[in-house]
K.L.:
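Please see the structure below; I have some questions.
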Amino acid sequence: MNAFEINGLSKVYENGNRALNDVSLTVPKGSFYALLGPNGAGKSTMINILADTVRPSSGTVSLLGHDLFNERNWCKRRMGVVPQEIAFDPFFTPREVLRFTSGLFGCKPDEAWLDELLDRLELTVHAGKKARQLSGGMRRRLLVAQALVHRPELVILDEPTAGVDVELRRKLWDFMRELNDAGTTILLTTHYLDEAEELCDHVAIIDHGALLTAQPMRALMRDIASSYLWLNYGQAVTLTDADHDALAGLEPRSSDEGVCLKLGRSENGDSTFHQTYQAAVARFGPPLDAGVRSEDLEDVFLRLTRRAGGDDAAAECKS
Ligand SMILES: Nc1ncnc2c1ncn2[C@@H]1O[C@H](COP(=O)(O)OP(=O)(O)OP(=O)(O)O)[C@@H](O)[C@H]1O
Ligand SMILES: [Mg+2]
């Protein structure tokens, strides 16, 4: 059973902006799913369509096998959404916001659960303050608590940690991980790609409203991330045509301090580190220092979303 099956979703705003273009995506039940993309890619548009605050131009969405647009109430009860934009009545306290939201979902406030939410999101000491007295990070955490009052099976978070400090971000992710371990499906957007890589088991990348890839995180990193051998010669090495010929297939690039070569896998799956290192030494002599750098999700993301005229991020010889 899938949590979401999104098919052919498109959105053209009234002013002609095409924010989503025929996006199809399957979010497995129980997954911790990252929806990534640069600013303006269409992430919030997709989330707002799922949250029923934006109407799609075309496409279908099914949630746990139910049609999202025709069975709205059934679906809404099972979903908690944290929107990107923060909007609270400035005169309500966090506890009042949570009680009020429980009512909107047709449930009597579960005070023990609200206490736990306030506690897990480090809001207990602020529970009696008016919302307008809360800092940006506190409001963001209150939005997360608000989305969870009815213990939804599916949680959708649009940049839940924007403006949240490092320590509280870790606590928030720990809480999300616990919810996910207990079976809650989580779909989130974030610009913290290192956190997405650590937490999420699936990833979709969109840009200009189009889906670039959607797959399990491990498969994406296995199939797309590359590894590089960097060799430090203490100075830039100018690569000649003869060097390029001799090192063909290793995509040699010069850096400020030396040379960078792409590592591959031999036919039996072993790393080509040894051959690559030997080839470099044969050409340039022994280096002062050397190391391997594997691309992380951020590198892969930049490579996939690189805009025309952008740098060749994967080719950078960072050590
Ligand atoms: N209400 C609107 N009317 C017209 N165009 C809009 C509207 N909302 C968003 N857009 C446009 O749709 C595109 C996608 O915007 P969206 O907010 O979905 O991007 P995003 O991926 O969430 O970006 P960010 O990372 O900055 O939050 C952008 O070109 C944006 O300018
Ligand atoms: Mg957004």
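Atoms within each ligand, like the ligands themselves, are counted from 1 in listed order. Small disclaimer: the values here were computed from a predicted structure and weren't measured.
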K.L.:
How far is atom 25 (O) of ligand 1 from the closest protein heavy atom, and which atom is that?
P.N.:
K43 NZ, 2.7 Å
K.L.:
Is a side-chain donor-acceptor pair under 3.5 Å present for T45 with N48?
P.N.:
no
K.L.:
Answer with side chain, backbone, both or neither: which part of Q84 has a heavy atom less than 4.0 angstrom from an atom of ligand 1?
P.N.:
side chain
K.L.:
Which residue and atom name correspond to the protein heavy atom nearest atom 10 (N) of ligand 1, and how close is it?
P.N.:
Y13 CE1, 3.4 Å
K.L.:
Test the R169-Y192 pair against the cation-pi criterion, namely NZ or CZ under 6.0 angstrom from the six-membered ring centroid and within 45° of the ring axis.
P.N.:
yes
K.L.:
Identify, by atom number and element, the atoms of ligand 1 in contact range of A19, meaning under 4.0 Å from any of its heavy atoms.
P.N.:
12 (O), 13 (C), 14 (C)
K.L.:
Can you tell me the protein heavy atom closest to atom 28 (C) of ligand 1 and the distance?
P.N.:
G40 O, 3.7 Å
K.L.:
T185 versus V155: any side-chain heavy-atom pair under 4.5 Å?
P.N.:
no
K.L.:
Going by distance alone, is a donor N or O of one side chain under 3.5 Å from an acceptor N or O of the other, for S44 and D158?
P.N.:
yes
K.L.:
Number the atoms of ligand 1 from 1 as they appear, then name those within less than 4.0 Å of a heavy atom of E159, with their elements.
P.N.:
25 (O), 27 (O)
K.L.:
Ignoring hydrogens, what is the shortest heavy-atom contact between I186 and M176? Give both atom names and the distance.
P.N.:
CD1-O, 3.3 Å
K.L.:
Answer yes or no: is there an ion pair linking D115 with R95, defined by an N-O contact shorter than 4.0 Å?
P.N.:
yes
K.L.:
Taking both backbone and side-chain atoms into account, decide whether S44 has an N/O/S atom under 2.8 Å from the Mg ion (ligand 2).
P.N.:
yes
K.L.:
Rounded to the nearest 0.5 Å, what's the gap from CG on L63 to CD on E153? Could you check?
P.N.:
8.0 Å
K.L.:
Does ligand 1 have any atom sitting under 4.0 Å from a heavy atom of G209?
P.N.:
no
K.L.:
Within a distance under 4.0 Å of any heavy atom of T45, pick out the atoms of ligand 1 and give their elements.
P.N.:
14 (C), 15 (O), 16 (P), 18 (O)
K.L.:
A cation-pi test, strictly: NZ or CZ of R177 under 6.0 Å from the centre of the six-membered ring of W173 and no more than 45 degrees from its axis. Yes or no?
P.N.:
no
K.L.:
Tell me: protein heavy atom nearest atom 26 (O) of ligand 1, and distance?
P.N.:
N39 ND2, 2.9 Å
K.L.:
Cation-pi check for W113 against R151: NZ or CZ below 6.0 Å from the six-membered ring centre and within 45 degrees of the axis, yes or no?
P.N.:
yes
K.L.:
Among all protein non-hydrogen atoms, which one is nearest to atom 17 (O) of ligand 1, and what is the separation to 0.1 Å?
P.N.:
S44 CB, 3.7 Å
K.L.:
Any chance the side chains of T101 and Q146 put a donor and an acceptor closer than 3.5 Å?
P.N.:
yes
K.L.:
Identify, by atom number and element, the atoms of ligand 1 in contact range of H191, meaning under 4.0 Å from any of its heavy atoms.
P.N.:
25 (O)
K.L.:
Please determine if the Mg ion (ligand 2) has an N/O/S atom from T45 lying under 2.8 Å away.
P.N.:
no
K.L.:
Return yes when G37 approaches ligand 1 closer than 4.0 angstrom through a heavy atom, no otherwise.
P.N.:
no
K.L.:
Residue-level breakdown please: for N15 versus ligand 1, do any non-hydrogen atoms fall below 4.0 Å on the side chain, on the backbone, on both, or on neither?
P.N.:
side chain
K.L.:
How close does the nearest protein non-hydrogen atom get to atom 31 (O) of ligand 1, and which residue and atom is it?
P.N.:
N17 ND2, 3.7 Å
